[in-house]
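For ligands, and for the atoms within them, numbers begin at 1 and follow the listed sequence.
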Amino acid sequence: MDMLILHYTGMASGAAALTRLRDPAAKVSAHYLVEEDGRVFAMVEEGRRAWHAGVSHWRGSAGLNGRSIGIEVVNPGHEHGYRPFPVLQMVAVVELCLAVLGRHPIPACNVLAHSDVAPDRKQDPGELFDWQGLAGQGVGLWPSEPAAPAGGEAVAGLLAAIGYRADLPLPVQLSAFQRHWRPERVDGLADEETRGLLRAVADLAQG
Ligand SMILES: [Zn+2]
């Protein structure tokens with residue numbers, strides 16, 4: 001396992017999500033679920049494949065279930081009343097991620113959102129998820145400051161260098177990038193701030 005992929009459950013309640021993730025007929029699963037009150041449910045052993053990523057790509061690899069730990073964070077999601085992730089929940093998420101990272105050789109550049117690896121289908125865990133806070137605790141990449149903005153012609157190459165699937169339309173890739181690294185405005189446009197962050201994240205990812 002060399003990737004860690006974070007999700008939101010996207011269902012009305014945590015209990016409903018837990019039931020679905022435990023139902024073999026649903027054909028979805030994850031290694032862990034973190035409730036809004038911070039309770040952590042372990043569901044699939046870390047060495048075993050869970051069915052959480054679906055059709056997914058990163059850095060030229062496809063079908064990431066076999067190499068990724070999946071964590072479902074309870075939140076109704078964009079379709080059922082997306083709301084902030086409570087502090088207690090995020091504390092538990094950080095603690096769980098740190099424990100997982102301590103057991104597997106997962107580089108920071110492979111700590112990802114479901115929306116990073118499936119940008120054309122998924123938005124989770126979404127722009128309210130505190131990636132910056134996670135990185136501050138040692139979970140994932142976050143640039144300390146933007147780099148000099150890349151020129152428009154460099155955008156596609158930087159997105160590919162970070163890991164996004166290059167054959168998707170640029171606005172789709174850019175929206176996924178922004179949802180993770182520029183959550184204040186997710187519009188799919190390569191504005192100057194986004195281009196600065198693209199270069200900064202690409203530098204970190206390749207460093
Ligand atoms: Zn997901």
Side-chain angles (χ1 to χ4, degrees), residues 1-36 39-46 48-59 61-86 89-90 92-94 96-97 100-101 104 106 109-131 133-135 139-141 162-165 168 172-181 183 186 188:
M1 298 292 180
D2 70 350
M3 304 183 73
L4 175 57
I5 298 177
L6 297 177
H7 305 257
Y8 64 46
T9 49
M11 296 185 69
S13 73
L18 203 52
T19 300
R20 180 160 188 265
L21 288 165
R22 284 173 167 165
D23 176 6
K27 294 194 162 59
V28 289
S29 56
H31 295 89
Y32 296 99
L33 176 140
V34 182
E35 258 287 11
E36 288 185 296
R39 280 175 299 155
V40 175
F41 296 84
M43 294 183 292
V44 176
E45 283 177 38
E46 287 181 6
R48 299 188 61 197
R49 175 189 298 252
W51 299 92
H52 61 97
V55 176
S56 50
H57 295 77
W58 195 249
R59 290 191 163 213
S61 298
L64 306 173
N65 282 328
R67 52 186 285 201
S68 59
I69 301 287
I71 297 177
E72 290 278 356
V73 182
V74 172
N75 189 294
H78 292 88
E79 288 178 17
H80 301 281
Y82 192 41
R83 60 191 184 215
F85 297 88
Q89 185 181 35
M90 290 307 293
V93 167
V94 168
L96 174 59
C97 288
V100 168
L101 294 175
H104 302 272
I106 300 173
C109 59
N110 280 357
V111 177
L112 299 166
H114 199 189
S115 53
D116 289 319
V117 300
D120 51 339
R121 302 186 299 117
K122 297 292 179 178
Q123 301 181 49
D124 63 310
E127 61 280 359
L128 294 178
F129 193 77
D130 187 10
W131 290 105
L134 254 69
V139 180
L141 286 185
I162 293 166
Y164 291 96
R165 182 177 174 180
L168 294 173
V172 172
Q173 298 183 54
L174 282 165
S175 293
F177 174 82
Q178 291 167 333
R179 220 179 280 290
H180 189 147
W181 281 289
V186 179

Undergrad: Tell me if a side-chain donor or acceptor on Gln178 pairs with a main-chain N or O of Gly188 at a distance below 3.5 Å.
TA: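 Yes.
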Undergrad: Any side-chain heavy atom of Arg121 sitting closer than 4.5 Å to one from His114?
TA: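 Yes, at least one pair of side-chain atoms sits under 4.5 Å.
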Undergrad: Around the Zn ion (ligand 1), what protein N, O or S atoms are found below 2.8 Å?
TA: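 Short answer, with waters excluded from the count: His7 ND1, His114 ND1, Asp124 OD2.
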Undergrad: With sequence neighbours left out, what residues match Phe177 under ring-ring contact (aromatic ring centres under 6.0 Å, His included)?
TA: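 For Phe177 the ring-ring contact (aromatic ring centres under 6.0 Å, His included) partners, ignoring immediate neighbours, are Trp181.
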Undergrad: Identify, with sequence neighbours excluded, every residue that meets side chain to side chain donor-acceptor pair (under 3.5 Å) alongside Ser56.
TA: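 In terms of side chain to side chain donor-acceptor pair (under 3.5 Å), with neighbours along the sequence ignored, Ser56 is linked to no residue.
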Undergrad: Taking the side chain from Gln89 and the backbone from Val74, do they hold a donor-acceptor pair closer than 3.5 Å?
TA: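 It does hold such a pair.
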Undergrad: Per the side chain to side chain donor-acceptor pair (under 3.5 Å) rule, what does the pair list look like for residues 12-27, sequence neighbours excluded?
TA: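 Applying side chain to side chain donor-acceptor pair (under 3.5 Å) to every pair that reaches into residues 12-27, excluding sequence neighbours, yields nothing.
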